[in-house]
Amino acid sequence: MHHLKRFAASTAIVLCGTTVLAQDSITVAIQLEPPNLDPTGGAAQAIDSVLYANVFEGLTRFASDGSIIRGLAQSWDISDDGTVYTFNLAAGVTFHDGTTMNAEDVKFSLDRARAEDSTNAQKGLFAGITDVTVIEPLSVQIILDQPNGNFLFNLAWGDAVIVAPESIENIASNPVGTGPFTFTDWVQGDRIELTRNADYWGSAPALESATFRFISDPTAAFAAVMAEDVDAFIGFPAPENLPQFEADPRFQVLVGNTEGETILSTNNKMPPFDNVLVRQAVAHAIDRQAIIDGAMFGLGTPIGTHFAPHHPDYVDLLANSPHDPDRARELLAEAGFADGFTTTLKLPPPSYARRGGEIIAAQLREVGIETEITNLEWAQWIEEVFTNKDFGLSIVSHTEPMDIGIYANPDYYFQYDNPEFQTLMEKLNATTDPADRSDLLAKVQTIISEDYVNGYLFELAVATVAKADVQGLWVNQPTAAVDLTGVSWSE
């Protein structure tokens, strides 16, 4: 029996002759099983899904709304020139094996992540670090080669969690962190068990234990939730079943955003897309809601720029590209394509791309743009589209958080080269003042929207189906995480 709820007898309350037991364990399902359990050494999103904030902690961390809050660092000072960060660490923190967490572990973790032979999937997050120095046991200094306004954000990634030299050797199979839950067991192909850390330095979680189950098949996922074999399914893979759960009082359905900007990627150097009027015409040909309804069963938030709508600095620029086929045809005529043209539409495997591609092709045809559709596997897509830039149009979801900086790289696959944008991004990276950063982020979002660099479609949604009395689950996913630290059962 995988699913035994543990009840603490001491918390039983007798009311009117009925016994009410406080539930203190949970079984959550996710679609993918992690290949290993080291968030600092592998790229798989599923590693963070299980371990982020639960087992491992970084100096900073993502809150559920995507903001950056304190983690193991209780406070920090930034030098006037923005290149020296001094972190003051929480006192009394121990790893799950009983060893002390201090500045030496922070130095070890960051030096390991940025080392030449590092297998860290996001080595770029640490590229600007020139030195990590232990000042005293609970104080560590990080020196950067230039100011980086994203630095506190970078340190919140799962790839930047703090690990210890004492336990690093077996971290991939036996993860030892500082978090509120300790790793107990991994039955490969089935489940991972976590138990509440009695010695946790921070606020104790409500849950005594948690089981993660891995159910990849949408039909099996539906069956497991309906049978109440799982208490919650995060990233429920069959959106067509959601109305059934919404109508069932046993369940709640949470639909939130991921960091995945889903775009009609456009090759800005390939004629005729090197003409902004043509790109603008494409933007007006697109009916975002029809794509969301047709390809995603209505799940997804329309976007008008390359930025997550749940982020506090998001600017709503949808008014720059409303669905307007007549305007699209006018713009094409103005650009010298009164009779339209033909281009390629290369689609990777996810259903948002394959289903969405058929819908977009029909919308483009309506204004005179014919597309030759090719369905590619991921490896082919990486080679043809991403590496060789051999495409006119494609559809892909960019799931990295806050990745608008890709528009500053003229060699990136959509080949957008705008010196003004590049200068603003350099300025943004060197800016630490929050208000100034917000202003710059609004400017860069507006520029790419008005340059119609890509067709901005929607933010990929994440659906969670849970029992009605589970509370505290994240609605949005500012990073891939099933953060159980605030989860409890309602009384």
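Judged as a side chain to side chain contact (heavy atoms under 4.5 Å, CB included), and not counting sequence neighbours, the contacts of D117 are A115. Among residues two or more places apart in sequence or in another chain, the side chain to side chain donor-acceptor pair (under 3.5 Å) test is passed with T60 by none.
Looking only at atom types and distance, the side chain of D313 has a donor-acceptor partner in the side chain of S438 under 3.5 Å away. N257 and T301 form a side-chain donor-acceptor contact under 3.5 Å, judged by distance and modelled atom types alone. T479 and R61 are not linked by any side-chain donor-acceptor pair at a separation below 3.5 angstrom, with hydrogens and angles left out of the test. A donor-acceptor contact closer than 3.5 angstrom is absent between the side chains of Q280 and N320. Side-chain polar atoms of S75 and N88 form a donor-acceptor pair below 3.5 angstrom. Judged purely by distance below 3.5 Å, without hydrogens or angles, the side chains of E208 and S25 never pair a donor atom with an acceptor atom. If you check the side chains of S265 and Y413, you find a donor sitting under 3.5 Å from an acceptor.
Note: I360 CD1 to R355 CZ = 14.5 Å, rounded to the nearest 0.5 Å. Taken to the nearest 0.5 Å, the OG1 atom of T305 stands 10.0 Å off from the CG atom of N454. We find the CD1-CD1 distance between I142 and I129 to be 5.5 Å, quoted to the nearest 0.5 Å.
Judged by distance alone, the side chain of Y352 and the main-chain N or O of S397 form a donor-acceptor pair under 3.5 Å. T27 places no side-chain N or O within donor-acceptor distance of the main-chain N or O of T211, the cut-off being under 3.5 Å. In this structure a side-chain-to-backbone donor-acceptor pair under 3.5 Å is missing from T83 to I143. A donor-acceptor contact shorter than 3.5 Å is absent between the side chain of E57 and the backbone of G71. Distance alone, capped at 3.5 Å, is enough to place a donor-acceptor pair between the R279 side chain and the F273 backbone. With K107 contributing its side chain and V132 its backbone, the two residues share a donor-acceptor pair below 3.5 Å. A donor-acceptor distance shorter than 3.5 angstrom exists from the side chain of D105 to the backbone of N102, with no hydrogens or angles considered. When atom types are taken as modelled, the side chain of N275 and the backbone of L277 share a donor-acceptor pair closer than 3.5 angstrom. Between the E459 side chain and the P309 main chain, no donor and acceptor come within less than 3.5 Å of each other. Of the possible donor and acceptor atoms, none in the side chain of Y456 sits under 3.5 Å from a partner among the backbone N and O of L317.
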- prompt: Run the side chain to side chain contact (heavy atoms under 4.5 Å, CB included) check on W186 and E33 step by step: do they pass?
  reply: CA-CA 10 Å; W186 181 12; E33 178 168 23; 2.8 Å; yes
query: Is there a side chain to side chain contact (heavy atoms under 4.5 Å, CB included) between V55 and H96 once you walk through the steps?
result: CA-CA 9 Å; V55 172; H96 299 149; 3.9 Å; yes
- prompt: D417 and Q422: side chain to side chain donor-acceptor pair (under 3.5 Å), yes or no, with the steps?
  reply: CA-CA 8 Å; D417 191 354; Q422 291 154 21; 2.9 Å; yes
task: Evaluate the criterion side chain to side chain contact (heavy atoms under 4.5 Å, CB included) for residue pair T266 and N268; output intermediate values, then yes/no.
output: CA-CA 6 Å; T266 304; N268 280 239; 4.1 Å; yes
Intermediate values then yes/no, side chain to side chain contact (heavy atoms under 4.5 Å, CB included), W381 and V396: CA-CA 10 Å; W381 187 89; V396 73; 3.9 Å; yes
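Ring orientation note: the planes of F233 and F236 are nearly perpendicular, at an angle over 60° on the 30°/60° scale.
Taking the six-membered ring wherever Trp is involved, the centroid distance between the rings of F181 and Y200 does not fall below 6.0 Å. The aromatic ring centres of Y412 and F414 sit less than 6.0 Å apart.
Within the structure, ring pair (Phe, Tyr, Trp, His ring centres under 6.0 Å) pairs that include any residue of residues 275-306 comprise H306-H398, H306-Y407 (at least two apart or interchain).
Within a 6.0 Å radius of NZ in K427, other residues, nucleotides and ligands contribute 12 heavy atoms or fewer.
Electrostatic pairing of D38 and R112 counts as a salt bridge here, judged by a charged N lying under 4.0 Å from a carboxylate O.
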